[in-house]
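Reading through the structure tokens given below for one structure.
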Amino acid sequence: MLRTVITKRFICAAFFPFSSFSEHNRDENNPLLIIRNTAQKYKCYFYGSDGYPTKELQSVINTTMVGVLTGFIVGGWAKMKNTVEIFKAENQATLFLNKFEPKKMLQNKIAMNMIKGGLPYAMRLGTISFLFSSTSTFLYVYRGKFDPFNHIIGGAIGGFIYRINMGLKGVVAGAVLGSILGTISGLMTALILYISGYEMDDVYTGGYKLIVARREKIKESMRALAQEEDKKLKQMHERAQKINEAYATKKQDK
């Protein structure tokens, strides 16, 4: 019976697109309308009036970038720390054209091992950092206060998604491990905030101010560079005019 009703509704919509079924699409219960209204409602939490990311979103970006950089350094170092010894062992009897050739080969080997070892770890740690920070920050914004429970949920979701390709056992293990790490992170953050006397909003504001200062510094440098270029162009233009005037005067004298 439900299938018959659905079929009739789609048939009516096909032949009478301006019927009550189309009106139902514009109703408040329409999933697309709900998603759009939700996005408009929480848009202010992602971008400010100046068009730049808010301090909460900037915190997620900073945490993700730190995770990517840390993963790249750790993974790259683990992969390349024995590169010199391995290269020497493999090329003991190798005849090189000059002394610079083995140095160049060793440098290329170190760079390749750094990239091969760093990229996978950077992607993993960056993904975990993004999932954890975005979930905990969203809960902070949604609830309007800091709570260690936000970190617990963020760790659980991060571990769940990170191990989702390993089956049910892997998902459960990832969620449990993420919850434990999130608990430690939440309690340590709460303890630090309690001792220092600051709020979580102060932490977000501090990180945001650093980004804003860097952004303003870049803008000032660009303005100074543009002014210097304009000054040089004016000088070149004045010099060219003087040369043309001198040439015209000399031509008239002749």
Side-chain angles (χ1 to χ4, degrees), residues 26-72 122-165 171-219:
R26 293 192 294 269
D27 190 33
E28 294 182 354
N29 295 325
N30 186 5
L32 296 178
L33 188 60
I34 293 175
I35 294 174
R36 186 177 63 183
N37 292 337
T38 304
Q40 291 294 332
K41 179 180 179 181
Y42 292 101
K43 184 180 179 180
C44 59
Y45 294 112
F46 295 97
Y47 293 95
S49 58
D50 55 356
Y52 291 106
T54 59
K55 55 186 177 182
E56 292 84 8
L57 180 59
Q58 190 64 55
S59 174
V60 175
I61 297 173
N62 295 342
T63 304
T64 304
M65 294 305 297
V66 170
V68 170
L69 182 60
T70 304
F72 185 84
M123 294 297 295
R124 293 174 187 175
L125 194 56
T127 302
I128 295 175
S129 300
F130 171 75
L131 294 173
F132 171 75
S133 61
S134 59
T135 305
S136 59
T137 304
F138 173 78
L139 292 175
Y140 167 80
V141 173
Y142 182 78
R143 302 176 67 187
K145 63 177 182 179
F146 170 76
D147 193 339
F149 183 73
N150 300 343
H151 286 228
I152 297 174
I153 296 299
I157 294 178
F160 178 89
I161 298 178
Y162 183 72
R163 294 295 185 181
I164 199 171
N165 62 334
V171 166
V172 173
V176 172
L177 182 59
S179 301
I180 295 173
L181 296 177
T183 302
I184 297 174
S185 174
L187 293 178
M188 291 296 296
T189 304
L191 180 62
I192 293 173
L193 293 176
Y194 176 78
I195 295 175
S196 61
Y198 290 99
E199 298 292 337
M200 197 64 187
D201 187 70
D202 299 330
V203 178
Y204 290 147
T205 303
Y208 182 74
K209 286 182 178 179
L210 292 176
I211 299 299
V212 172
R214 176 178 175 273
R215 189 183 300 148
E216 293 298 327
K217 190 67 176 178
I218 293 174
K219 288 182 178 179

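Values below: every heavy atom of this structure, side chains too, minus hydrogens, waters and symmetry copies. By convention here, the first residue in the shown sequence is residue 1.
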Mind checking the [atom1]-[atom2] spacing from [X] to [Y]? Nearest 0.5 Å is all I need.
| X | Y | atom1 | atom2 | answer |
| --- | --- | --- | --- | --- |
| Ile128 | Ile161 | CD1 | CD1 | 11.0 Å |
| Arg214 | Ile218 | CZ | CD1 | 4.0 Å |
| Ile152 | Ile157 | CD1 | CD1 | 12.0 Å |
| Glu216 | Ile211 | CD | CD1 | 12.5 Å |
| Leu131 | Ser136 | CG | OG | 10.5 Å |

Is atom CZ of Phe160 surrounded by more than 12 heavy atoms (other residues, nucleotides or ligands) closer than 6.0 Å?
-> no
Mind listing the closest non-hydrogen atom pair of [X] and [Y] along with its distance?
| X | Y | result |
| --- | --- | --- |
| Ser179 | Ala175 | OG-O, 2.7 Å |
| Pro148 | Ala190 | CG-CB, 4.1 Å |
| His151 | Ser185 | ND1-OG, 3.0 Å |
| Ser134 | Val60 | CA-CG2, 3.9 Å |
| Val68 | Ala122 | O-CB, 3.3 Å |

Backbone N/O of Phe132 and side chain of Thr135: donor-acceptor pair under 3.5 Å | no
Salt bridge (Lys or Arg N to Asp or Glu O under 4.0 Å) involving Arg143 - partner list, sequence neighbours excluded | Asp147
Got a sec, which pairs hit side-chain hydrogen bond (donor to acceptor under 3.5 Å, both in side chains) with one end in residues 57-71, sequence neighbours left out?
-> Gln58-Asn62
Would you sort out whether Thr189 and Phe146 count as a side chain to side chain contact (heavy atoms under 4.5 Å, CB included), showing the intermediate values?
-> CA-CA 10 Å; Thr189 304; Phe146 170 76; 3.7 Å; yes
